[in-house]
Asker: 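This is the structure, below, for whatever I ask next.
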Amino acid sequence: MNLKIPFLMNDKPVAVVTGASRGIGRSVAIGLAAEGYDIAAIARSTDSEGMEILAAEVAKTGSQFFPVGLDISCTGWHKEVVKNILERYGRIDVLVNNAGVAPLQRNDILDMTEESYDRLMNINLKGPVFFAQKVAREMVWLKDHIEGYKPVIVFITSVSAALTSTSRAEYCVSKAGLSMASSVFADRLSREGILVYEVRPGIIETDMTIRVKDKYDKLINEGLIPQKRWGQPSDISKAVASLARGDWAFSTGTIFEISGGLNIHKL
Ligand SMILES: NC(=O)c1ccc[n+]([C@@H]2O[C@H](COP(=O)([O-])OP(=O)(O)OC[C@H]3O[C@@H](n4cnc5c(N)ncnc54)[C@H](OP(=O)(O)O)[C@@H]3O)[C@@H](O)[C@H]2O)c1
């Protein structure tokens with residue numbers, strides 16, 4: 001059952017980005033605005049310095065900006081939020097499931113708490129999966145009502161979907177789960193003409209990693225990352241723009257790892 005909202009349809013394509021107020025999500029939203037997408041930007045609050053910065057950057061591109069407040073883990077609000085976006089724009093062409101968090105405290109897996117595990121699962125896995133489900137249902141309907149419609153869904157996971165960190169197991173497990181969710185959506189939605197990709201960032205310089213900056217500076221200097229630098233949010237947003245543009249139209253379900261070579265198995 002979809003919302004089937006017969007509202008005025010935007011001429012321009014529309015991108016919905018979760019976790020858009022800072023870091024990777026903000027860069028992705030600005031990148032997609034520059035590509036000609038009107039933007040619906042989701043974060044827990046619409047009233048933040050980050051959202052103001054984003055609004056100003058999107059305005060520079062000439063694209064429209066619609067800030068939406070949603071805690072992605074509150075699945076009961078998803079339907080309302082999708083409805084609001086469709087009321088505003090009439091269409092959703094691209095969804096970037098980017099919102100995500102690290103554990104509040106790094107604890108050895110032997111000391112991991114259920115509270116932290118549940119928090120990570122709800123924000124990093126359950127929220128994005130059910131939000132993508134709601135949007136995908138609308139995309140299935142929209143594809144029969146918009147000429148030239150080319151819907152794309154991107155899941156931002158992490159190298160932690162495959163690499164272990166014994167002090168943040170719940171993060172690794174949530175991202176491994178999201179990686180599988182991306183594959184399952186890609187499989188199911190291929191018959192609907194909706195392309196689904198996983199973008200798997202490595203170590204990216206954002207608020208999320210600021211607390212462990214010294215640790216990673218040292219590891220990077222010691223050669224952990226073959227390309228010997230921090231990733232930047234723009235490394236990710238350029239990849240997402242390319243996926244949205246349709247440059248990878250025969251590659252649904254593919255994992256794009258953007259990690260400076262962290263995935264190379266070395267002897
Ligand atoms: N930085 C890295 O090294 C790295 C590496 C691999 C993967 N990633 C993944 O990339 C994504 C973005 O990370 P980042 O480094 O850009 O993080 P960040 O700088 O901490 O930004 C996180 C974004 O998510 C939003 N957010 C947090 N909790 C939310 C919730 N419950 N509901 C809705 N929005 C929420 C935040 O907005 P508000 O606080 O305003 O709500 C913010 O916009 C995450 O999924 C992360 O796991 C990051």
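Order of listing sets the numbers, starting from 1, for every ligand and every atom in it. What you see is a predicted model; the values in this text were computed from it and never measured.
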Asker: Would you mind writing out a table of all protein N or O atoms found under 3.5 Å from any N or O atom of ligand 1, naming both atoms and giving the distance to 0.1 Å?
Answerer:
{"unit_1": "ligand 1", "atom_1": "1 (N)", "unit_2": "I204", "atom_2": "O", "d": "3.2"}
{"unit_1": "ligand 1", "atom_1": "1 (N)", "unit_2": "T206", "atom_2": "OG1", "d": "3.1"}
{"unit_1": "ligand 1", "atom_1": "3 (O)", "unit_2": "G202", "atom_2": "O", "d": "3.4"}
{"unit_1": "ligand 1", "atom_1": "3 (O)", "unit_2": "I204", "atom_2": "N", "d": "2.8"}
{"unit_1": "ligand 1", "atom_1": "3 (O)", "unit_2": "I204", "atom_2": "O", "d": "3.3"}
{"unit_1": "ligand 1", "atom_1": "15 (O)", "unit_2": "T206", "atom_2": "OG1", "d": "2.5"}
{"unit_1": "ligand 1", "atom_1": "16 (O)", "unit_2": "I24", "atom_2": "N", "d": "2.8"}
{"unit_1": "ligand 1", "atom_1": "20 (O)", "unit_2": "R22", "atom_2": "NH1", "d": "3.2"}
{"unit_1": "ligand 1", "atom_1": "31 (N)", "unit_2": "D71", "atom_2": "OD1", "d": "2.9"}
{"unit_1": "ligand 1", "atom_1": "32 (N)", "unit_2": "I72", "atom_2": "N", "d": "2.9"}
{"unit_1": "ligand 1", "atom_1": "37 (O)", "unit_2": "S21", "atom_2": "OG", "d": "2.9"}
{"unit_1": "ligand 1", "atom_1": "39 (O)", "unit_2": "R22", "atom_2": "NH2", "d": "2.6"}
{"unit_1": "ligand 1", "atom_1": "39 (O)", "unit_2": "R44", "atom_2": "NH2", "d": "2.6"}
{"unit_1": "ligand 1", "atom_1": "40 (O)", "unit_2": "S21", "atom_2": "OG", "d": "2.8"}
{"unit_1": "ligand 1", "atom_1": "41 (O)", "unit_2": "R44", "atom_2": "N", "d": "2.9"}
{"unit_1": "ligand 1", "atom_1": "41 (O)", "unit_2": "R44", "atom_2": "NE", "d": "2.8"}
{"unit_1": "ligand 1", "atom_1": "43 (O)", "unit_2": "G19", "atom_2": "O", "d": "3.1"}
{"unit_1": "ligand 1", "atom_1": "43 (O)", "unit_2": "S21", "atom_2": "N", "d": "3.2"}
{"unit_1": "ligand 1", "atom_1": "43 (O)", "unit_2": "S21", "atom_2": "OG", "d": "2.8"}
{"unit_1": "ligand 1", "atom_1": "43 (O)", "unit_2": "R22", "atom_2": "N", "d": "3.4"}
{"unit_1": "ligand 1", "atom_1": "45 (O)", "unit_2": "N98", "atom_2": "O", "d": "2.7"}
{"unit_1": "ligand 1", "atom_1": "45 (O)", "unit_2": "K175", "atom_2": "NZ", "d": "2.9"}
{"unit_1": "ligand 1", "atom_1": "47 (O)", "unit_2": "Y171", "atom_2": "OH", "d": "2.6"}
{"unit_1": "ligand 1", "atom_1": "47 (O)", "unit_2": "K175", "atom_2": "NZ", "d": "3.1"}

Asker: Assess whether salt bridge (Lys or Arg N to Asp or Glu O under 4.0 Å) is satisfied between R44 and D71, documenting all intermediate values.
Answerer: CA-CA 5 Å; R44 282 169 298 178; D71 182 329; 5.6 Å; no
Asker: Which of parallel (below 30°), tilted (30 to 60°) and perpendicular (above 60°) describes W248 and F256?
Answerer: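 Rings of W248 and F256: perpendicular, over 60°.
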Asker: Is the H78 to F131 ring centre distance short of 6.0 Å?
Answerer: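 For H78 and F131, the ring centres are under 6.0 Å apart.
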Asker: Is a side-chain donor-acceptor pair under 3.5 Å present for D108 with T166?
Answerer: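 Per modelled atom types, T166 and D108 side chains form no pair under 3.5 Å.
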Asker: Verify the cluster assignment for Y197 and V17: are they in a single hydrophobic cluster under the rule of side-chain heavy atoms below 4.5 Å apart?
Answerer: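 Both belong to a single hydrophobic cluster.
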Asker: Under 3.5 Å, is there a donor on one side chain and an acceptor on the other for S259 and E257?
Answerer: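 Looking only at side-chain atoms, E257 and S259 do form a donor-acceptor pair, the distance falling under 3.5 Å.
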